[in-house]
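In what follows, a structure is listed as structure tokens, so that the remarks can point back to it.
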Amino acid sequence: MTKLAQTLGLTEFQTEIITTVRQFVDKEVIPTAQELEHSDTYPQAIVDAMKEMGLFGLMIPEEYGGLGESLLTYALCVEELARGWMSVSGVINTHFIVAYMLRQHGTDAQKQKYLPRMATGETRGAFSMSEPELGSDVAAIRTRAKRNADGTYTIDGQKMWLTNGGSSTLVAALVRTDEGADKPHRNLTTFLVEKPAGFGEVVPGLTIPGKIDKLGYKGIDTTELIFDGYAASADDILGEAPGQGFFQMMDGIEVGRVNVSARACGVGIRAFELAVRYAQQRHTFGKPIAEHQAIAFQLADMATKIEAAHLMMVNAARLKDSGERNDVAAGMAKYLASEFCAEVTQQSFRIHGGYGYSKEYEIERLMRDAPFLLIGEGTSEIQKNIISKRLLADYRI
Ligand SMILES: Cc1cc2nc3c(=O)[nH]c(=O)nc-3n(C[C@H](O)[C@H](O)[C@H](O)COP(=O)(O)OP(=O)(O)OC[C@H]3O[C@@H](n4cnc5c(N)ncnc54)[C@H](O)[C@@H]3O)c2cc1C
């Protein structure tokens, strides 16, 4: 083994695109990330370059103008992007989930309408489940779409925590439609909401109030979304299937969890790279700190965690690509990779001594970015719920 997180069995194209993304990250992302992050500036030039590289259409089928690549290719590109700056991978994450949901659940007309524009990055996706009162408990959604006598819908309610809420132009929003089903999650419907990018009342009845000020994950916009008498048509329902929203979103979140694992691997790899370099430069008691066994063992511990997380992420992606159910594998990969990422960034921070606390050093940003991965696409507790439920079903006595 020469470097961490190598993946066996990649095709020539996969190797080529991942190498291209890595070179782009080294040249364009790492040198600018710290400054853009500290000023909370949207990385427009980086996003434009990602469009040029076709990254917005990576998993969109070729017939719609995308590259038709696998979840594995996507995840490995995300790992590289997050190694440079987690926010950059966040720009394509919600887009990729919405494109995936359209591909899997959209009608032909919806696919024709949105996917070609999504492949070029002209249309940019965000997804919205969370509300001020709920995140984990998705079935408790309160935002309501009332069906009118003419078959149209009127939506009212408040959504929370939309990644790319301001910069996106297509939001997949999960709302309550009261299909009269006995179980709450059968009353949820996904609406495809088109809007211009920006803030304020962007279309009648739909307001994006502004950016939420966050601990980390800066540069990228995270917003609320307020529906106030927003008019939607029945054609705006994903797959024209009212009451199927919960299942559609869970399908999207499942691939999203592989993506979060990949981001955790990327952030962890960068934290390791910084630590292994610093440990050889910094001297105490007459030798590089890397020669103190306590520090060398930390490096060994970090590298082992990164390898384990990477292998689980690759396994979960390959399982999904093979058409197998991967909820447990994705949940395990997300849980392990995000927890390990939080630990590895903390270890790297400690190796940096006092300098780790300085804003001049990259590790302070990674320390602020990593905790989001413990929360986004379902907290560790929710992953453990998913994993344990399946285990108890599969190992029932
Ligand atoms: C920066 C950022 C970006 C985000 N982007 C998006 C987005 O694009 N779209 C979107 O829809 N959402 C988004 N979210 C929301 C995110 O998905 C939720 O924050 C997350 O699911 C947790 O929900 P919550 O914050 O309401 O916490 P809660 O659900 O209130 O949970 C609070 C605590 O209780 C624990 N808990 C809850 N239920 C259980 C249980 N049954 N058993 C054990 N423990 C439990 C949780 O693990 C957590 O520790 C984003 C969040 C952040 C911070």
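Just follow the structure's listing: the first ligand is 1, and inside any ligand the first atom is 1. In this text, all values refer to a predicted model and were calculated from it rather than measured experimentally.
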Examine the proximity of ligand 1 to [X] and report which part, side chain or backbone, both or neither, has a heavy atom under 4.0 Å away.
{"X": "I212", "result": "neither"}
{"X": "Y217", "result": "side chain"}
{"X": "T379", "result": "side chain"}

Any protein heavy atom nearer than 4.0 Å to [atom]:
{"atom": "atom 36 (N) of ligand 1", "value": "no"}
{"atom": "atom 25 (O) of ligand 1", "value": "no"}
{"atom": "atom 11 (O) of ligand 1", "value": "yes"}
{"atom": "atom 33 (C) of ligand 1", "value": "no"}
{"atom": "atom 50 (C) of ligand 1", "value": "yes"}
{"atom": "atom 6 (C) of ligand 1", "value": "yes"}

Say whether [X], considering both its backbone and side-chain N or O atoms, lies within less than 3.5 Å of an N or O atom on ligand 1.
{"X": "F372", "value": "no"}
{"X": "L162", "value": "no"}
{"X": "S136", "value": "yes"}
{"X": "S128", "value": "no"}
{"X": "S130", "value": "yes"}

For ligand 1, which atoms have a heavy atom of [X] less than 4.0 angstrom away?
{"X": "T163", "answer": "3 (C), 4 (C), 5 (N), 6 (C), 7 (C), 8 (O)"}
{"X": "M129", "answer": "10 (C), 11 (O)"}
{"X": "L134", "answer": "26 (O)"}
{"X": "E381", "answer": "43 (C), 44 (N), 46 (C), 47 (O), 49 (O)"}
{"X": "I375", "answer": "19 (O), 20 (C)"}
{"X": "G135", "answer": "21 (O), 23 (O), 24 (P), 26 (O)"}
{"X": "N385", "answer": "40 (C), 41 (N), 42 (N)"}

Taking NZ, NE, NH1 and NH2 as the nitrogens, is one of them in [X] or [Y] under 4.0 Å from a carboxylate oxygen of the other?
{"X": "E324", "Y": "R318", "result": "no"}
{"X": "K218", "Y": "D213", "result": "yes"}
{"X": "K389", "Y": "D327", "result": "no"}
{"X": "D369", "Y": "K214", "result": "no"}
{"X": "D40", "Y": "K211", "result": "yes"}
{"X": "K334", "Y": "E377", "result": "no"}
{"X": "E362", "Y": "R270", "result": "yes"}

Residue, atom name and distance, where the atom is the protein heavy atom closest to [atom]:
{"atom": "atom 9 (N) of ligand 1", "result": "F127 O, 3.0 Å"}
{"atom": "atom 39 (C) of ligand 1", "result": "I382 CD1, 4.1 Å"}
{"atom": "atom 14 (N) of ligand 1", "result": "W161 CB, 3.3 Å"}

Hydrophobic cluster identity match, [X] and [Y], side-chain contacts under 4.5 Å:
{"X": "V138", "Y": "I382", "answer": "no"}
{"X": "L4", "Y": "L72", "answer": "yes"}
{"X": "V258", "Y": "Y335", "answer": "no"}

*Given side chains that start at C-beta, do those of L174 and F127 come closer than 4.5 Å, heavy atoms only?*
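The answer is no, as the side chains (C-beta and beyond) never meet within the 4.5 Å cut-off.
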
*Mind checking whether T223 and I212 have side chains closer than 4.5 Å, heavy atoms only?*
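Answer no - side chains too far apart.
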
_Result of checking K359, Q34, H352 against E364 for side chain to side chain donor-acceptor pair (under 3.5 Å)_ =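 Checked K359, Q34, H352 against E364; only one passes side chain to side chain donor-acceptor pair (under 3.5 Å): Q34.
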
_Before you tell me yes or no, could you show the steps for H105 and F247 under ring pair (Phe, Tyr, Trp, His ring centres under 6.0 Å), namely the whole-Å CA-CA distance, both residues' side-chain angles and the distance that decides it to 0.1 Å?_
CA-CA 10 Å; H105 306 286; F247 307 102; 9.6 Å; no

